[in-house]
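See structure below.
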Amino acid sequence: MDREKVISVKNLTKNYGSFEAVKGISFDVYEGEIFGLLGPNGAGKSTTLEIIETLRKKSGGEVWVDGYNIDRDAGKIKKIIGVQLQSSGFYPGLNLTELVELFSGLYNQPVDAKELLQLVNLTDKSHAKFKELSGGQKQRFSIATTLINKPRIIFLDEPTTGLDPQARRNLWNLIRDIRSKGTTVIITTHYMDEAEILCDRVAIIDQGRIIALQSPDQLIDELVASGFERPKEVKQANLEDVFIHLTGRTLRSE
Ligand code: ADP
Ligand code: MG
């Protein structure tokens with residue numbers, strides 16, 4: 001791959017007291033990728049992301065983001081990344097348009113609120129307050145706020161957890177849209193179907209170590225080549241197919 005590395009992590013470690021949460025991981029992320037971090041709860045995914053986002057101190061190792069070293073240029077890194085805020089940061093009294101304008105002011109970055117809300121399919125909610133949105137709409141709005149500073153890279157930590165099947169699919173489309181405009185996406189998820197469909201490459205982390213790093217296709221092919229066989233599926237569809245078929249695939253009032 002001769003694409004540019006936008007993130008480079010070398011021998012990253014993180015200790016919480018005497019507990020080693022991240023035990024020397026290394027990986028690169030290339031420009032325009034959707035890169036997945038997978039792994040059980042407690043594996044060290046969020047810790048790793050927050051270190052790259054400059055929000056948490058590492059214990060050891062090196063991290064570069066778009067050529068900037070995290071120890072020397074954290075301020076420059078902050079300007080070119082988009083991070084989802086905790087929903088508690090969304091002032092309860094403001095509607096979506098006002099929130100976008102507020103963030104636009106905070107980032108000192110002019111933003112067309114209408115255009116941004118349209119991108120995440122929330123045009124008809126522009127006068128609603130954050131707390132009045134459904135789970136899927138909240139996630140789409142929170143992703144919109146990551147885009148305000150026109151970042152080169154966005155970080156999404158479990159953006160689809162707790163969403164219904166349709167809302168999840170809507171979010172996949174949004175993430176693909178964002179990537180197709182050139183933004184690199186780093187995402188964590190516990191849904192393997194989602195990682196398989198969405199991610200160009202995935203790193204599987206377990207107990208603070210990367211135990212696999214490849215495209216989903218390559219990982220699956222390797223498992224099959226090793227002789228693994230899944231018990232034969234007898235049906236041509238599953239319950240999720242039924243759900244989507246019955247309730248429709250299109251964007252609706254989630
Ligand atoms: P993941 O996102 O993969 O579920 P985390 O990065 O949140 O994992 O956590 C990795 C490990 O570090 C877990 O065992 C967690 O309990 C521990 N941990 C995370 N944050 C802290 C903290 N602030 N203080 C102490 N331990 C922490
Ligand atoms: Mg986490």
Side-chain angles (χ1 to χ4, degrees), residues 6-29 33-65 70-71 74 77-78 81-90 135-136 138-147 151 153-164 167-168 171-172 174-175 178-179 183-216 219:
V6 287
I7 293 178
S8 196
V9 173
K10 297 245 184 292
N11 288 320
L12 179 69
T13 60
K14 174 66 183 182
N15 305 327
Y16 294 111
S18 60
F19 173 68
E20 292 178 279
V22 177
K23 299 181 179 125
I25 63 174
S26 301
F27 62 93
D28 297 318
V29 179
E33 267 194 310
I34 301 180
F35 186 88
L37 277 185
L38 313 179
N41 285 322
K45 304 178 297 294
S46 297
T47 298
T48 302
L49 286 193
E50 286 165 15
I51 291 169
I52 302 170
E53 293 162 359
T54 77
L55 301 176
R56 205 176 270 272
K57 285 234 168 307
K58 62 183 165 60
S59 301
E62 301 252 33
V63 177
W64 288 267
V65 180
I70 209 158
D71 293 319
I77 292 175
K78 280 196 179 86
I81 63 171
V83 175
Q84 274 187 295
L85 299 166
Q86 301 297 312
S87 56
S88 56
F90 297 133
K138 279 183 175 144
Q139 279 299 342
R140 294 210 303 278
F141 182 72
S142 132
I143 291 177
T145 64
T146 70
L147 301 173
I153 311 160
I154 62 168
F155 295 84
L156 306 174
D157 198 352
E158 295 189 32
T160 61
T161 293
L163 298 188
D164 74 45
R168 226 152 58 87
L171 223 60
W172 299 348
L174 173 59
I175 291 167
I178 291 169
R179 186 269 288 280
T183 309
T184 305
V185 178
I186 305 197
I187 182 171
T188 72
T189 178
H190 288 300
Y191 301 109
M192 293 305 120
D193 60 334
E194 176 166 306
E196 192 178 333
I197 288 172
L198 210 52
C199 296
D200 299 301
R201 291 188 308 143
V202 297
I204 301 181
I205 304 190
D206 192 24
Q207 297 180 25
R209 290 200 172 86
I210 292 183
I211 54 174
L213 199 174
Q214 260 169 29
S215 70
L219 287 171

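Note that the numbering runs from 1 along the sequence shown for the chain. Counting starts at 1 for both ligands and their atoms, following the listed order.
Interface atoms of ligand 1 facing Ala21, defined by a heavy-atom separation under 4.0 Å, are 11 (C), 12 (O). Which parts of ligand 1 touch Ala43 is read off a 4.0 Å heavy-atom cut-off, strictly below it: atoms 1 (P), 3 (O), 8 (O). Within ligand 1, counting atoms from 1 as listed, the ones closer than 4.0 Å to a heavy atom of Asn41 are 4 (O).
In terms of polar-atom proximity, Phe19 is not counted as a contact of ligand 1, lacking any N or O under 3.5 Å from an N or O of the ligand. At least one N or O atom of Ser46 sits closer than 3.5 Å to an N or O atom of ligand 1. Backbone and side-chain nitrogen or oxygen atoms of Lys45 are examined, and one is located within less than 3.5 angstrom of a nitrogen or oxygen of ligand 1.
What sits closest to atom 18 (N) of ligand 1 on the protein, heavy atoms only, is Tyr16 CE1, 3.3 Å. Gly42 O, 3.4 Å is the protein heavy atom nearest to atom 10 (C) of ligand 1.
For atom 13 (C) of ligand 1, the protein comes within 4.0 Å by at least one heavy atom. Within the 4.0 angstrom cut-off, atom 5 (P) of ligand 1 has one or more protein heavy-atom neighbours.
Around the Mg ion (ligand 2), the protein atoms of type N, O or S found under 2.8 Å away are Ser46 OG, listed by chain and number.
For the pair Arg56 and ligand 1, a heavy-atom separation below 4.0 Å is found. Under the 4.0 angstrom criterion for non-hydrogen atoms, Gly44 is in contact with ligand 1.
Atoms CD1 and OG1, from Ile210 and Thr48 in turn, are 7.5 Å apart once rounded to the nearest 0.5 Å.
One finds a salt bridge joining Arg168 and Asp193 here, because a Lys/Arg side-chain nitrogen approaches an Asp/Glu carboxylate oxygen to under 4.0 Å.
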